[in-house]
2 protein chains.
Amino acid sequence: MTSVEEPARPNGRIRDAARTKAEILDVATHEFARAGYDGARVDEIAARTRTTKRMIYYYFGGKEQLFTAVLERSYGVIREAERGLDVEHLDPVAAIRRLAELTFDHHEQHPDFIRLVSIENIHGAEHIAASEKLGKIGSPALDVIRRILEAGQKSGLFTADVDAVDLHVMISSFCFFRVANRHTFGALFGRDLVAPAQREHYRTMLGDMVIAYLTAERAAD
Amino acid sequence: MTSVEEPARPNGRIRDAARTKAEILDVATHEFARAGYDGARVDEIAARTRTTKRMIYYYFGGKEQLFTAVLERSYGVIREAERGLDVEHLDPVAAIRRLAELTFDHHEQHPDFIRLVSIENIHGAEHIAASEKLGKIGSPALDVIRRILEAGQKSGLFTADVDAVDLHVMISSFCFFRVANRHTFGALFGRDLVAPAQREHYRTMLGDMVIAYLTAERAAD
DNA sequence: TCACTAATGTACGAACTAGTACGTTAGCTA
DNA sequence: TAGCTAACGTACTAGTTCGTACATTAGTGA
């Protein structure tokens with residue numbers, strides 16, 4: 001996510017549109033994730049960059065469009081990671097487990113993204129709707145799941161008749177909840193779902209759950 | 001959640017502290033859930049009640065405390081529902097499935113609550129921390145799960161060594177995600193997770209998943 | 001019935017906040 | 001090297017928003 005951290009080149013350019021834009025996006029991502037859309041302050045975002053508020057309006061147009069740009073870049077990061085998935089050389093069971101683990105890891109490593117998704121849902125996904133980029137591009141992970149599922153069902157290993165989207169929901173919901181609801185859950189039940197000590201436990205639990213579901217003997221239906 | 005809807009008693013009292021407080025809470029619940037903490041407007045909440053903004057400050061003290069009161073009441077509703085759980089006369093497998101279904105139903109029927117939880121997490125659960133009521137009261141559902149799990153494990157039906165909290169995470173995450181991320185998921189993947197036509201499918205899927213996990217044959221560990 | 005207080009309404013202000021008008025300059029190009 | 005424009009900064013405003021000072025009244029208890 002962090003694209004800008006070169007430590008002030010000795011004779012660095014003062015003017016660098018790409019750097020300025022990227023820096024604004026970096027700061028805005030963090031600020032929106034921290035405080036929510038309405039809680040975030042344009043002035044605060046500007047103050048944390050090396051440029052001014054004027055530039056936010058110059059490059060992005062306004063607060064709404066800035067948030068949309070933040071979402072676009074954040075979703076871009078995930079899709080990029082998903083494109084790097086390399087699990088299809090494994091047998092279906094191992095492939096699904098590996099996919100679940102990578103999803104788990106990605107959620108854990110990008111809490112800001114999780115928060116942005118929560119925030120966007122509070123606002124009815126209106127920024128996604130307003131975005132041309134985010135409109136109709138599917139998820140590479142979904143294609144991977146689709147192929148693994150097909151292989152697993154064909155070979156008889158998988159008995160459940162889920163489709164790829166369903167399985168994606170199943171995997172994502174566990175990973176998402178653990179990060180997104182960390183605070184209320186911790187406050188109410190006294191267990192930190194993201195504590196390092198619990199990490200392996202939940203990571204394994206997710207894989208076990210998905211595989212158990214896919215391979216369970218089911219009553220004739 | 002709605003506590004106030006008596007249609008203006010002919011000779012109704014003008015002054016009714018309990019009714020005024022309840023009406024403010026009703027409206028505030030909806031408004032906070034709709035727009036988030038910072039997006040909600042105290043003036044807007046007041047305008048939608050039959051009283052004035054002055055009363056919000058009179059009864060609750062301020063916006064923060066109002067939000068805390070909203071959370072307290074919303075969590076109270078769930079706990080009340082959980083206290084009504086009556087599944088322990090069933091065998092462990094049926095009991096867990098029934099519990100999952102009731103959790104599923106409750107999430108579906110209380111989208112405002114789901115949104116409030118999302119919002120509270122964005123703010124690091126600081127209002128829960130500030131609340132005396134919400135502090136250390138556990139969940140009745142958790143006790144139910146604990147007992148069912150114990151019975152299932154004792155009888156050998158359940159092979160997984162999860163504790164009640166883990167199972168609660170598993171069930172809740174699926175139910176929560178489906179409602180909370182409905183908008184972004186629908187916008188990105190084109191599937192409405194809360195569409196009535198899909199309801200039974202996901203409801204069954206949740207039960208199958210949990211039972212498969214609990215009863216799966218696992219490698220010796 | 002009278003007085004007293006809980007409950008309520010009105011009007012206002014101080015601080016904040018998104019957005020902009022206007023002015024300046026770096027650095028590329030002809 | 002002159003000039004042109006993208007990139008940038010400053011200072012300001014209009015509108016909003018939480019919160020409160022002050023005024024008022026319903027209804028109850030003595």
Side-chain angles (χ1 to χ4, degrees), chain A residues 3-4 6 8-32 34-70 119 123 126-127 130, chain B residues 3-4 6 8-32 34-70 119 123 126-127 130:
Chain A
S3 320
V4 181
E6 56 265 41
R9 283 177 261 169
N11 202 8
R13 287 188 195 161
I14 308 269
R15 307 202 160 186
D16 186 335
R19 204 219 53 181
T20 301
K21 278 184 79 166
E23 186 176 6
I24 291 172
L25 278 176
D26 285 342
V27 173
T29 297
H30 190 67
E31 184 65 7
F32 278 125
R34 189 186 63 78
Y37 177 78
D38 290 290
R41 299 288 164 236
V42 177
D43 281 296
E44 181 65 19
I45 293 170
R48 289 173 187 266
T49 64
R50 276 171 289 180
T51 183
T52 65
K53 184 167 58 160
R54 176 71 184 76
M55 288 297 97
I56 292 174
Y57 289 90
Y58 183 68
Y59 284 120
F60 297 96
K63 190 180 181 182
E64 296 266 1
Q65 296 99 309
L66 176 59
F67 185 73
T68 303
V70 163
I119 292 161
H123 294 90
E126 62 182 16
H127 304 94
Chain B
S3 319
V4 180
E6 57 267 42
R9 282 178 262 169
N11 202 10
R13 287 187 194 162
I14 308 270
R15 308 205 157 185
D16 185 335
R19 203 219 55 178
T20 301
K21 278 183 78 168
E23 186 175 6
I24 290 172
L25 277 177
D26 285 342
V27 173
T29 297
H30 190 67
E31 184 66 7
F32 278 124
R34 189 187 63 78
Y37 177 77
D38 290 289
R41 300 286 163 240
V42 176
D43 282 295
E44 180 65 19
I45 293 169
R48 289 172 187 266
T49 65
R50 275 170 290 178
T51 183
T52 64
K53 184 167 57 159
R54 177 71 183 78
M55 289 297 95
I56 292 174
Y57 289 89
Y58 183 71
Y59 283 119
F60 298 96
K63 190 180 180 182
E64 295 267 0
Q65 295 100 309
L66 176 59
F67 185 73
T68 302
V70 164
I119 292 160
H123 297 282
E126 62 181 18
H127 303 94

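From a predicted model like this one, the values you see are computed outputs, not experimental measurements. Just so we're on the same page: letters track the sequence lines, and every chain starts at 1.
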Rounded to the nearest 0.5 Å, how far does NZ of A/Lys21 lie from CG of A/Asp26?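 So the gap between those two atoms works out to 13.0 Å.
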Of A/Lys53, A/Arg54, A/Met55, which meets side chain to side chain contact (heavy atoms under 4.5 Å, CB included) against A/Thr51?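 Per the side chain to side chain contact (heavy atoms under 4.5 Å, CB included) rule, the option paired with A/Thr51 is A/Met55, out of A/Lys53, A/Arg54, A/Met55.
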Over all strands shown, is [X] touching base, sugar-phosphate only, or nothing at heavy-atom distances under 4.0 angstrom?
X       : answer
B/Ala46 : nothing
B/Arg41 : sugar-phosphate
B/Thr51 : sugar-phosphate

Rounded distance (Å) that lies between atom [atom2] of [N] and atom [atom1] of [X]:
X       : N      : atom1 : atom2 : answer
B/Asp38 : C/dT17 : CG    : C1'   : 12 Å
A/Asp16 : C/dG27 : CG    : P     : 10 Å
B/Asp43 : C/dC12 : CG    : P     : 15 Å
A/Tyr58 : C/dT24 : OH    : P     : 17 Å
A/Arg54 : C/dA21 : CZ    : P     : 9 Å
B/Glu64 : D/dG19 : CD    : C1'   : 13 Å
A/Ile56 : D/dG9  : CD1   : P     : 11 Å
A/Phe60 : D/dC8  : CZ    : P     : 12 Å

Does C/dA7 have OP1 or OP2 under 4.0 Å away from a side-chain N or O of B/Thr20?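 No, B/Thr20 has no side-chain N/O under 4.0 Å of OP1/OP2 on C/dA7.
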Would you please confirm or rule out a distance under 4.0 Å between OP1 or OP2 of C/dA6 and any side-chain N or O of B/Tyr59?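 No, outside the criterion.
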Which atoms form the tightest heavy-atom contact between B/Val70 and B/Ala28, and what is the distance?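 Closest approach of B/Val70 to B/Ala28: CG2-CB, 3.7 Å.
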Between the base of D/dG9 and the side chain of A/Lys53, is there a donor and acceptor pair under 3.5 angstrom?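 Between D/dG9 and A/Lys53, which were checked side chain against base, a qualifying N/O pair under 3.5 Å is absent.
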Both A/Tyr57 and B/Ala17 contact DNA chain C. Which one's nearest nucleotide lies toward the 5' end?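 Looking at DNA chain C, the more 5' nearest nucleotide goes with B/Ala17.
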Are B/Phe67 and B/His123 close enough, and set up right, to give a ring-ring contact (aromatic ring centres under 6.0 Å, His included), and what steps lead you there? CA-CA 12 Å; B/Phe67 185 73; B/His123 297 282; 7.2 Å; no
Would you call B/Arg41 and B/Glu31 a salt bridge, taking side-chain N to carboxylate O under 4.0 Å as the test?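 Answer for the salt bridge query: no.
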